[in-house]
Amino acid sequence: MTIRVKVLGCRRLVLLFLFLGMLLEAQAGKIRYSVPEETDKGFFVGNIAKDLGLQPQELAERGVRIVSRGRTQLFALNPRSGSLVTAGRIDREELCAQSLQCLVSFNVLVEDKMKLFPVEVEIIDINDNTPQFQLEEAEFKMNEITTPGTRIPLPSGQDLDVGMNSLQMYQLSSNPHFSLDVQEGPDGSQQPEMVLQSPLDREEDAVHRLLLTAFDGGNPVHSGSLRIRVQVVDANDNPPAFTQAQYHMSVPENVPLGTRLLTVKDMDPDEGANGEVTYLFHNIDHKVAQVFHLDSYTGEISNKEPLDFKEYTIYPMEIQAQDGSSLMARAKVLVKVLDINDNAPEVTITSVTTAVPENFPPGAIIALISVHDQDSGDNGHTTCSISGNLPFKLEKLDDNYYRLVTERTMDRELTSQYNIIVTAADQGTPTLSTETHISLQVTDINDNSPVFLQDSYSTYIPENNPRGASIFSVTAHDADSNENAQVTYSLVEDTIQGVPLSSFVSINSDTGVLYALRSFDYEQFHDLQLRVLARDSGDPPLSSNVSLGIFVLDQNDNTPEILYPALPTDGSTGVELAPRSAEPGYLVTKVVAVDRDSGQNAWLSYRLLKASDPGLFAVGLHTGEVRTARALLDRDALKQSLVVAVQDHGQPPLSATVTLTVAMADSIPDVLADLGSMEPSTNLDNSSLTLYLVVAVAAVSCVFLAFVIVLLALRLWRWYRTRVLQASGGGLAGEPVSHFVGVDGVRAFLQTYSHEVSLTADSQVSHVTFPQPNYADTLISQESCEKKDFLSAPQSLLEDRKQTFSQVNFV
């Protein structure tokens, strides 16, 4: 007998529902696709790039990826075509069991914008499952007095497919006593029942064998069979009866294994075998049957597997009681599972930045965090926080998403790395929490200039240093890192006495060591003032500079220079005149010398190195004055030769010598006479030459006398002008004393003038040299000579001269 269940316009209704569903989804802003189950890996689902408004090549560039939670990745992105494809074989029955609509939801993250796009993919069922019965053979016992019309519930077949591919009809093999009737349950399921059509006769047929076949509506049609064995027994007029039509039980999900949860009771007033009731599961899902155990004799229900609230909130069961005469009764049992807080929140870092620059602005996104708790109610409500006083904060988004953003700017020089602890906690009792660590590296930017250890530097170097000698080393530190802290050194361009600084010193750009490019001369300059520039290698580079003073230390490298007496350029020897009547201490002449060095190296001392008569003359140690040491005697030679040495106090000391010739005579004619007598032979030419020389000396003396008279007149006129200026309140009172030279100094200066007669026996030429001024104990430096003040000029000193002298050199 065949019973077919027909659904009118089923295909059109399904299409209509799908169309309406797609319209609702489009309004909700979600991207929806559909794909049949059991497709191969890489099966095209939809053009995700087009639906996101992107080009296929932009998927990789913009970091587009699938974000799903707690489930194996079922789909993947094809970066070449921009399409959504399957990541493997999809089994709809494994994902959604008997649900009419199977939807897989996930999010697509566009990472550069940190934006999520929800996507739903409907898994379309195909006819890949055959209707099956839990039993291969069902056995029933029927009393022979069973009245026709009695219905015997048969085990239902199960088909994991849905829709038209699910179980659609049953068929019972032909039998004169039984027929098949299919009832529709409250939930729309089909319940096959075997109806007794005619009375049974045990004596005629004690056992009836039938075959129940279940068919689905797929193409091709699949079927499954159940063998039915009906044994006719003697009469039993009281069927079993449960104490309740439906049993309810609530248990926590962490109940121990083997716990007795519920006991069902069935009453049968029959006696003997007809009153002995056995219990068994009826029409129960095979997964539920694996979790619970039913004692067939006592009716106790216990758990043999852990209960899972996440899988089933209510476990439905149907218990069938059957007595010894095969009379049966059924009752519903509903076991409600109470959720406990046994799952800690799950924290997923969807997208994270591991390194940020220290000038990262506040509000910039560091990471996208997803928090999920599999528990329900308060046990599933979560909060997320970060610990410590960190420059970050969490901002809550929809659907249990948070984003970690910067709250204030960071300074790498203070903290170069942050270990951010993200804590997710639920609201259950006790509270469960999960910690996730995010390590964030703060990268450096060039925000620190190089810093020298001192505001200025100074160093000393002796003159005459070798070229390339190391002078000094400067160091600047940069608080940045890597290339931003790499400091190079250079010199600020400048000139020294019109010469570029770079020709004097150079600096090592890496070490900051300064080197002398030439040998320094203290007599040219005493110090070098320069600036050292330190520049880092950042972008843009930062720099700072510091002043450096290089002071040249004097070395004793200059011998004393004798200014007076000056040696004639023609090689002749000058003669100093001393009267024979000179008393001891008479100033004959004065040796004047200078040393270009400074300090101790320029301190000069004079000594008589050699003399014709060592006891006749003495030289002042510090003044250089040549004076008579005793009175002159008749035996003393007319011509005295002296060698005076001038020595400085440097280390080692340097010296210079000068040879003086002193003529002992009271007057110039005496000198000439004495010198003439000393000549071995004379002739008329020499006598005439001497006459001309005397006339020349007389003329020079007259000119010098006239010059002195003019100086005296100028002196009187200047004295008169000074009196006038003092009377009018003129401002000479503010002049420094160093600008004036006293009369005593002038006298001392003028006393050094003497008549010098230099004669050579074989010379045919004579000339007169005008005497040069010689300061006693005073040397006018180059700086003082450069001053323009008329009171310090040599002419003002000559105005006080009251006597005239002349110096005559004969060659």
Side-chain angles (χ1 to χ4, degrees), residues 560 562-568 572-594 604-647 655-675 678 697 701 704 744-760 768-779 801-811:
I562 299 176
L563 302 179
Y564 184 85
L567 295 177
S572 61
T573 304
V575 177
E576 299 290 340
L577 184 63
R580 298 185 65 84
S581 58
E583 297 296 330
Y586 176 80
L587 177 61
V588 178
T589 186
K590 181 176 181 178
V591 177
V592 180
V594 295
L604 301 179
S605 60
Y606 304 84
R607 62 189 178 91
L608 185 60
L609 184 63
K610 183 179 180 182
S612 300
D613 189 349
L616 182 57
F617 298 98
V619 178
L621 179 63
H622 301 294
T623 63
E625 296 176 344
V626 179
R627 296 179 180 271
T628 57
R630 59 178 176 81
L632 297 177
L633 303 176
D634 294 337
R635 68 173 182 271
D636 292 330
L638 172 63
K639 182 180 179 181
Q640 296 288 331
S641 178
L642 306 178
V643 178
V644 179
V646 184
Q647 180 174 309
S655 62
T657 61
V658 62
T659 302
L660 302 175
T661 300
V662 180
M664 312 300 294
D666 293 328
S667 63
I668 293 178
D670 294 341
V671 174
L672 296 176
D674 292 341
L675 293 176
M678 294 173 59
V697 170
S701 299
F704 184 78
D744 295 337
V746 175
R747 289 198 182 97
F749 163 73
L750 295 176
Q751 287 177 2
T752 61
Y753 281 88
S754 61
H755 297 280
E756 296 181 359
V757 179
S758 178
L759 300 176
T760 58
V768 178
T769 302
F770 193 79
Q772 301 293 328
N774 184 20
Y775 293 90
D777 300 328
T778 304
L779 294 178
R801 181 64 172 140
K802 301 294 180 66
Q803 300 176 2
T804 60
F805 298 92
S806 64
Q807 177 179 338
V808 180
N809 293 333
F810 297 96
V811 180

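Residue indices begin at 1 and follow the sequence shown.
When all heavy atoms of Leu608 and Pro614 are compared, the pair lying nearest together is CD2-O, 4.3 Å. Pairing each heavy atom of Leu616 with each of Ala631, the nearest pair is CD1-O, 4.5 Å. Here the closest non-hydrogen pair linking Ser612 and Gln640 is CB-OE1, 3.2 Å. Annotation for Pro560 and Leu604: closest pair CG-CD2, 3.8 Å, computed over non-hydrogen atoms. Scanning all heavy atoms of the two residues, the minimum distance from Ala663 to Val575 falls at CB-CG1, 3.4 Å. The heavy-atom pair separating Gly585 from Arg627 by the smallest distance is O-NH1, 2.8 Å.
Annotation: side chain of Val658 is not in contact with side chain of Val646 (no heavy-atom distance under 4.5 Å). Between Thr623 and Tyr606, the closest side-chain pair of non-hydrogen atoms is not below 4.5 Å. Between Leu632 and Ser581, every side-chain heavy-atom pair lies at or beyond the 4.5 Å cut-off. Between Asp636 and Arg630 the shortest side-chain heavy-atom distance falls below 4.5 Å. You'll find the side chain of Met664 stays beyond 4.5 Å of the side chain of Lys639, heavy atoms only. Two residues are said to be in side-chain contact when any heavy atoms from C-beta on lie closer than 4.5 Å; Val662 and Phe617 meet this criterion. Residues Val644 and Leu609 have side chains not in contact (no heavy-atom distance under 4.5 Å, counting atoms from C-beta outward). Contact annotation: the side chain of Val643 never approaches that of Leu660 to less than 4.5 Å [non-hydrogen atoms, C-beta and beyond].
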- I would like to know whether Arg635 and Asp613 meet salt bridge (Lys or Arg N to Asp or Glu O under 4.0 Å); could you show each step before the answer? CA-CA 11 Å; Arg635 68 173 182 271; Asp613 189 349; over 6 Å; no

- Message: Using the rule given for side chain to side chain contact (heavy atoms under 4.5 Å, CB included), can you reason through Leu563 versus Val594, listing the C-alpha separation, both sets of side-chain angles and the distance that settles it, and then say yes or no?
- Response: CA-CA 7 Å; Leu563 302 179; Val594 295; 3.6 Å; yes

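With rounding to the nearest 0.5 Å, the separation of CD in Gln647 from OG1 in Thr657 is 11.5 Å. One distance of note links OG1 of Thr589 with CG of Leu642; it measures 10.0 Å at 0.5 Å rounding.
In this structure a side-chain-to-backbone donor-acceptor pair under 3.5 Å is present from Thr628 to Glu583.
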